[in-house]
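Here the structure comes first, spelled out in structure tokens, and everything after it is commentary.
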Amino acid sequence: MNTPLQQEDPQTYDLIQGEKKRQKEGLEMIPSENYVSPAILEALGSVFTNKYSEGYPGLRYYGGQEFTDRLESLAIERAKKLFRSDHANVQPLSGSPMNQAVYLALLQPGDCIMGMDLSHGGHLTHGHPVSHMGKLFNWVRYKTHPEEQGRIDFDELLALAKEHRPKVILCGYTSYPRDLDYAGFKRVADEVGAFTMADVAHIGGLIAADVMRNPFDYGFDIVTTTTHKTLRGPRGGMILTKGKVGNPLKAVELTRENLPTVIDRSVFPGLQGGPHMNTIAAIAVMLQEAMQPEFKEYAQQVLKNAKALAAELMAQGAELVTGGTDNHMMVIDSVASFELGGAELEKLLDSVGITTNKSMIPDDPRPPFNPSGVRLGTPAMTTRGVKEDGARRIAGWIIQAVQARTDSVKLAEIRAQVKEFSLAYPVPGIPS
Ligand SMILES: *Cc1c(COP(=O)(O)O)cnc(C)c1O
């Protein structure tokens with residue numbers, strides 16, 4: 001039981017080495033990805049992975065919880081402070097189970113919930129027909145106006161809400177380059193008596209740093225966020241609520257005030273068993289990092305880099321969905337810009353060491369595995385220290401790669417430049 005990984009399992013060891021090299025030598029432009037600090041890696045690899053702790057601090061079904069109780073309470077207190085919520089559940093195993101726990105807490109099978117249309121930026125867990133949640137509930141979708149900078153028409157939303165009487169109005173996105181008008185959603189929800197839920201999985205870090213709007217400032221009931229995107233922590237999810245903290249062992253009525261208890265009971269025992277305590281340790285560290293002034297600087301730089309990247313791409317002929325960005329991401333309409341499908345552009349950029357992902361554009365006529373767009377984001381490169389001048393160079397390589405798409409010599413040259421650039425910005429936790 002004491003053999004180092006390299007000797008015990010050289011195959012797995014080599015794959016880890018390969019992934020380290022890939023991360024070091026390439027540019028990570030997928031907007032949902034980031035790099036954690038060595039401190040977070042250490043917490044994630046800690047002996048908390050050995051421990052079962054079903055239940056909540058002080059209310060567990062197993063003994064030996066002296067340190068897990070203190071750890072989970074620490075994470076909860078930090079999350080509440082950072083997001084200005086009354087309660088936090090830090091146990092969801094990732095973003096998808098976090099949203100499932102909320103839906104299953106608030107809705108009965110067949111109940112109506114409204115979310116953003118998937119081709120307009122909503123997430124798979126927002127009722128995509130292939131997901132179990134899509135089959136379980138009655139999803140009604142609203143759209144954005146890409147010609148008007150992605151604006152949401154709240155008169156249209158209100159008309160839909162009055163017609164369908166949803167129990168929950170969900171906002172939030174995985175592929176939408178603007179901030180949301182939470183006050184508008186809240187107004188509509190109040191008119192029809194719906195709960196308000198914001199899934200800020202992508203922008204949680206930008207909200208924590210107060211560089212984007214916080215839905216709680218507009219009276220929202222529930223905010224969900226992943227912990228591994230702009231928040232820059234381990235893979236996980238958190239559910240933040242307003243309301244009165246109660247005893248999660250006791251069943252309560254579904255009211256606004258009881259939301260903390262209703263949600264806790266939905267996560268455990270409703271949906272999950274033992275939480276991943278090593279992940280919760282890493283979440284605690286992430287939250288501590290997110291309270292530091294350096295994190296705010298990172299978040300501000302993420303936005304500046306996105307503006308610089310978007311402006312340069314547009315200056316060099318790319319068309320962006322909604323005509324720009326107010327957050328950390330942008331979607332290139334690759335068909336309109338270059339007559340290239342999203343899958344083709346993703347593959348081309350992969351060949352020069354720039355990792356992106358294909359993405360739908362609003363009302364996309366093409367299929368999801370080869371849609372009309374590619375999604376780019378700046379969190380990972382910002383964590384490595386890239387600034388606006390670097391963002392503009394990256395835009396240049398993207399356009400050059402498109403122009404040289406059939407010229408393997410030129411593509412190899414671009415690949416070499418991207419590698420040299422990438423190596424100049426070390427990845428945290430990977431020795432250079
Ligand atoms: C990423 C994401 C999720 C799901 O997170 P996973 O950890 O991949 O399950 C949920 N909602 C939104 C809006 C997301 O972007």
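Each ligand, and each atom within it, is numbered from 1 in the order the structure gives. We count residues from 1, following the sequence as given.
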Under 4.0 Å to a heavy atom of H202 - the qualifying atoms of ligand 1, by number: 15 (O)
In ligand 1, the atoms that come under 4.0 Å of a heavy atom of T125 are 10 (C), 11 (N)
Aromatic F216 / basic K242 pairing, under 6.0 angstrom, 45° off normal: yes
Just checking, is any N or O donor in the side chain of S119 or D364 under 3.5 Å from an acceptor N or O on the other one? no
Decide whether E72 and Q91 meet the rule of one side-chain donor and one side-chain acceptor closer than 3.5 Å. yes
Number the atoms of ligand 1 from 1 as they appear, then name those within less than 4.0 Å of a heavy atom of N99, with their elements. 10 (C), 11 (N)
Run F154 and F185 through ring-ring contact (aromatic ring centres under 6.0 Å, His included) and show every step you take. CA-CA 7 Å; F154 289 104; F185 286 102; 5.1 Å; yes
Are side-chain N/O atoms of Q301 and E297 paired as donor and acceptor at under 3.5 Å? no
Of all the atoms in ligand 1, which lie at a distance below 4.0 Å from a heavy atom belonging to D199? 10 (C), 11 (N), 12 (C), 13 (C)
Closest to atom 5 (O) of ligand 1 among protein heavy atoms sits G95 CA, 3.3 Å
I want to know if ligand 1 touches G172 in the polar sense, i.e. an N/O pair below 3.5 angstrom. no
I need the atoms of ligand 1 closer than 4.0 Å to a non-hydrogen atom of A201, numbered in the order shown. 2 (C), 11 (N), 12 (C), 13 (C), 14 (C), 15 (O)
By number and element, which atoms of ligand 1 are closer than 4.0 Å to a non-hydrogen atom of H228? 7 (O)
Is any heavy atom of the protein nearer than 4.0 Å to atom 7 (O) of ligand 1? yes
Can you pull out the closest protein heavy atom to atom 4 (C) of ligand 1? Residue, atom name and distance to 0.1 Å, please. H123 CE1, 3.4 Å
What's the shortest distance from atom 15 (O) of ligand 1 to any protein heavy atom, and which residue and atom give it? K229 NZ, 2.8 Å
Heteroatom distance test (T226, ligand 1): nitrogen or oxygen, under 3.5 angstrom: no
Tell me whether the count of non-hydrogen atoms from other residues, nucleotides or ligands lying under 6.0 Å of NZ in K419 goes above 12. no
In this structure, NZ of K358 is separated from OG of S372 (nearest 0.5 Å) by 13.0 Å
For F268 together with Y61, are the ring centres under 6.0 Å from each other? yes
Side chains of H123 and D199, donor plus acceptor under 3.5 Å: no
Looking at Y298, does the NZ or CZ of R232 lie under 6.0 angstrom from its six-membered ring centre and within 45 degrees of the ring axis? yes
Evaluate H126 for polar contact with ligand 1, using N/O atom pairs at a separation under 3.5 Å. no
Would you mind listing which atoms of ligand 1 come within a distance below 4.0 Å of any non-hydrogen atom of T174? 14 (C), 15 (O)
Is there a heavy atom of R235 sitting under 4.0 angstrom from any atom of ligand 1? no
